[in-house]
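Chain letters run A, B, ... following the sequence lines, proteins first and then strands; every chain starts at 1. Atoms considered below: every heavy atom in the structure, side chains included; atoms not considered: hydrogens, waters and symmetry mates.
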There are 2 protein chains.
Amino acid sequence: MLCDQTPSTDCILSKKKRVTLADVARLAGLSTSAASMILTGRPDTRLSPEAHARVHEAAATLGYRPNAAARALRTDKTQTLAFISDHIATTRFASGLIRGALAESEAAKQVMLVLETHGDPALETRAIDEAIDRQVDGIIFAAMRSREVFLPEISANMPMVMLNGTSKQCPTAILPDEFNGGRAAVRLLAEAGFSEGLVLVGHNADVEEGLFRSETVIRRLDGIRTEMAERSLSFDDELSSWNWEPENGYKLVKKYLKHERPKALLCLNDRLAFGAYQALAEAGLSIPDDTSIVSFDNDELASYLRPGLTTIALPHETMGREAVRMLLDAKADAGAQLVEMEAVVRGSVRDA
Amino acid sequence: MLCDQTPSTDCILSKKKRVTLADVARLAGLSTSAASMILTGRPDTRLSPEAHARVHEAAATLGYRPNAAARALRTDKTQTLAFISDHIATTRFASGLIRGALAESEAAKQVMLVLETHGDPALETRAIDEAIDRQVDGIIFAAMRSREVFLPEISANMPMVMLNGTSKQCPTAILPDEFNGGRAAVRLLAEAGFSEGLVLVGHNADVEEGLFRSETVIRRLDGIRTEMAERSLSFDDELSSWNWEPENGYKLVKKYLKHERPKALLCLNDRLAFGAYQALAEAGLSIPDDTSIVSFDNDELASYLRPGLTTIALPHETMGREAVRMLLDAKADAGAQLVEMEAVVRGSVRDA
DNA sequence: ACAATGTGCTAAATCGTTTTATCTTTGTGC
DNA sequence: GCACAAAGATAAAACGATTTAGCACATTGT
């Protein structure tokens, strides 16, 4: 070996071992215990101010960084969270959830392990195991569409929160306030003066009858119907579709336009609305002069359309942040927490 | 304590300690060393078949899972990778990168730590430190737009790959093959029989002169110009814009349509093309009957438009997968690796 | 003068693995 | 019979932190 003996000098041929707490202690002329206590900032220790200074200086000059594995082994804390989702990270639709979660966990000096299950129960179990093996400090379960999720059994003392979903096994959940979101959409149209010629696009009987297990859509419709009723309004028609892609919005509305001229469309999501734009354009109708449109989600699309689409936003980013906050708050038996859906007003609604 | 002494029975009041290798060994009637060797599947050990059976059985009945921290401490391996990006996880534009990386790392039995830096050098340094502290087995640096990235110094023996970017400090990189992508776009139009009335949308002089440090766009344009030249074609006009959002596509094309009727538009990305669709529709021109369009990226949008947008796809998912593969391959001084951009043909091109 | 109390620090155990070195049997060849 | 090897296992030392218990010395009160 051509290596020098002193550990602080760079070894050319060695693997440049990490500097350890012992190195810091040695340089500071103290024990590792002392160094540990000082660096972790223990409150009630009786070490001298000089000792503090020396240790901090030594750590700085050596560029000391604690070994996370060793610390985890001893303390059972890892400053690491797990974000286990069915499709969030891998699709663009709900990326706000992970964005918010990442932002907040960074603020809390945590890092995030991201695992995707594709909704496969086997992968779900595996993901949970992987997370627990690594002793994460908490787990966020995120669901693509708000829904009831079945989780494998988990040790009771692991902090958990459901994000955009609910589950028997996990009482605390973060959900969009779809009910009031639904009301807000109707309010937008009502306050613009519409009282007739209203059409609902995307209503799905199966969903409303609970055949499809989607908490969120039920509530969205609930809110819409409640607000309509309170204002003594009703839809001229409800165009029903199971699939909420642009294609369907286009077809539904195109067909409808053969015989009718609606004054306002309430689309159940932005992609349906996107299709509606296409159908209206083909029919030579102008938005919002001939037809107004309100919709839900505040997808990327909404801002690209002309005129911009007025829509009730899914507060994904806020939800993601909130999930991390709840997870790190010990008092987290808070049950379900609803996050407001704000109206994003663009140009697709004009006063009647 | 009301706890029973034997560690294998459930303690009602205790914290239900994890089952450890020692527990497994005890149940199997062997030493922890034996249990360790058997469970890690060491090849050259001389333990009896009976011993193997007993240990595996014990592990199974106890539901043993190794403690990752302890193992990491000993072996310096964590089965964990870091994905450090500027904006990938938090935006929808390049989510394919993370999707591919997650898929491949799952296949390789690794998990991924996801960190976002927002392009901030301070956060970049912090992210790297967090990753190294946790002894990740490798780091992927992902850049939103392919570009030259400056990284802080990193210990030399940490496997690294740049994804969608290049960097002096990290020789191995995964990039889209923009040059051939550019050629492919032109080929598509040329083979459809267009030889005049061609317009380039989004050309940016700054970029082409290298003022803006974007490797990828330069190559894309390079490919376009090369293929054009080889076929003795030229653009009637080049509509220039720094910003490639739908808004700009709309404005550029709308203005152009006041005096000209192009036969085919080559848009430098799908969002520009989206704007072009809007402008063409307003001008009463039909796609593809009056005007054909080819573009780049294969954004979500491309499939939503009617007719569907023919576009040269950014192979994000493949790139993500490839990045993980390179990272785990020891032979990874492979330099830059280009991933083919495939043409996705939809309905926006008709033979001239 | 001596117990009691404080002050500043350290030794050593511990977390749960992996790995090296070693130990006891048992069989084998000569 | 005896050396020697092979087989089947184990003890103990890491890995790098945190934490408990306690040591040595100085100060104080009586």
Side-chain angles (χ1 to χ4, degrees), chain A residues 7 14-56 58-59 62-80 132-135 137, chain B residues 7-8 14-55 58-59 62-80 132-135 137:
Chain A
S14 88
K15 307 185 166 191
K16 197 178 200 168
K17 285 189 50 166
R18 274 184 76 114
V19 11
T20 153
L21 185 59
D23 298 332
V24 173
R26 198 172 313 131
L27 180 55
L30 286 168
S31 66
T32 57
S33 338
S36 171
M37 291 166 146
I38 287 171
L39 289 179
T40 53
R42 273 258 211 120
D44 56 346
T45 195
R46 293 175 319 212
L47 295 158
S48 67
E50 293 80 26
H52 280 255
R54 289 212 310 278
V55 167
H56 279 122
L62 259 42
Y64 170 71
R65 306 227 88 216
N67 177 320
R71 184 174 272 180
L73 185 56
R74 192 67 236 264
T75 61
D76 239 55
K77 292 269 161 290
T78 51
Q79 307 285 91
T80 305
I132 293 180
D133 287 353
R134 287 171 179 75
Q135 300 181 82
D137 295 347
Chain B
S8 60
S14 87
K15 307 185 166 190
K16 197 180 200 166
K17 286 188 50 167
R18 271 185 77 115
V19 11
T20 151
L21 186 59
D23 298 332
V24 173
R26 197 172 313 129
L27 179 56
L30 287 168
S31 66
T32 56
S33 338
S36 170
M37 291 167 146
I38 287 171
L39 289 178
T40 52
R42 274 261 211 117
D44 57 347
T45 194
R46 290 174 320 208
L47 295 159
S48 66
E50 293 81 27
H52 279 255
R54 289 212 309 279
V55 167
L62 260 41
Y64 169 71
R65 305 226 89 219
N67 178 318
R71 184 174 273 181
L73 184 57
R74 191 65 237 261
T75 63
D76 239 55
K77 292 269 162 290
T78 51
Q79 307 285 93
T80 305
I132 293 179
D133 287 353
R134 287 171 179 75
Q135 299 181 80
D137 295 347

Using a heavy-atom cut-off of 4.0 Å across all strands, would you classify [X] as base, sugar-phosphate, or nothing?
X: A/A68; result: nothing
X: A/A51; result: sugar-phosphate
X: B/S33; result: base

Whole-Å gap separating [atom2] ([N]) and [atom1] ([X]):
X: A/E50; N: C/dG8; atom1: CD; atom2: P; value: 9 Å
X: A/L73; N: D/dG16; atom1: CG; atom2: P; value: 12 Å
X: B/R26; N: D/dT10; atom1: CZ; atom2: P; value: 13 Å
X: A/L21; N: C/dA12; atom1: CG; atom2: C1'; value: 15 Å
X: A/R65; N: D/dA17; atom1: CZ; atom2: C1'; value: 15 Å

I want to verify a distance call: between [options], whose nearest atom is closest to the [X] side chain?
X: A/T75; options: D/dA17, D/dT18, C/dC9; answer: D/dT18
X: A/A34; options: C/dT10, C/dT7, D/dG8; answer: C/dT10
X: B/R46; options: C/dT17, D/dG8, D/dT18; answer: D/dG8
X: A/R42; options: C/dT17, C/dT20, D/dT19; answer: D/dT19

Report task. Over all heavy atoms of both residues, which pair between A/I132 and B/R18 is shortest? Give the atoms and the distance, please. Result -> O-NH1, 3.2 Å

**Report entry** Where A/V55 and A/V24 come nearest, the two heavy atoms and their spacing
**Finding:**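 Smallest interatomic distance, heavy atoms only, reads O-CG1, 3.9 Å.
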
Query raised in the report: Do B/L21 and B/L39 come within less than 4.5 Å of each other through their side chains, counting heavy atoms only?
Result: yes

Is any side-chain N or O of [X] closer than 4.0 Å to OP1 or OP2 of [N]?
X: B/T20; N: C/dT17; result: yes
X: A/R71; N: D/dT18; result: yes
X: A/S48; N: C/dC9; result: yes
X: B/T40; N: C/dT17; result: no

Query raised in the report: Where each residue is assigned the nucleotide of DNA chain D containing its nearest heavy atom, which of B/L47 and B/A70 is assigned the position nearer the 5′ end?
Result: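 Checking each residue's closest nucleotide, the 5'-ward one belongs to B/L47.
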
Report task. Calculate, to the nearest 0.5 Å, the distance between atoms OG1 and CZ belonging to B/T20 and B/R65 respectively. Result ->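 Reported value, rounded in 0.5 Å steps: 14.5 Å.
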
Requested in this report: Please answer whether the main-chain N or O of A/T78 pairs with a side-chain N or O of B/R134 as donor and acceptor at a distance below 3.5 Å.
Outcome: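 Present.
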
Query raised in the report: How do A/R74 and B/M37 order along DNA chain C: which one's closest nucleotide is nearer the 5' end?
Result: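 The residue closer to the strand's 5' end, by nearest nucleotide, is A/R74.
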
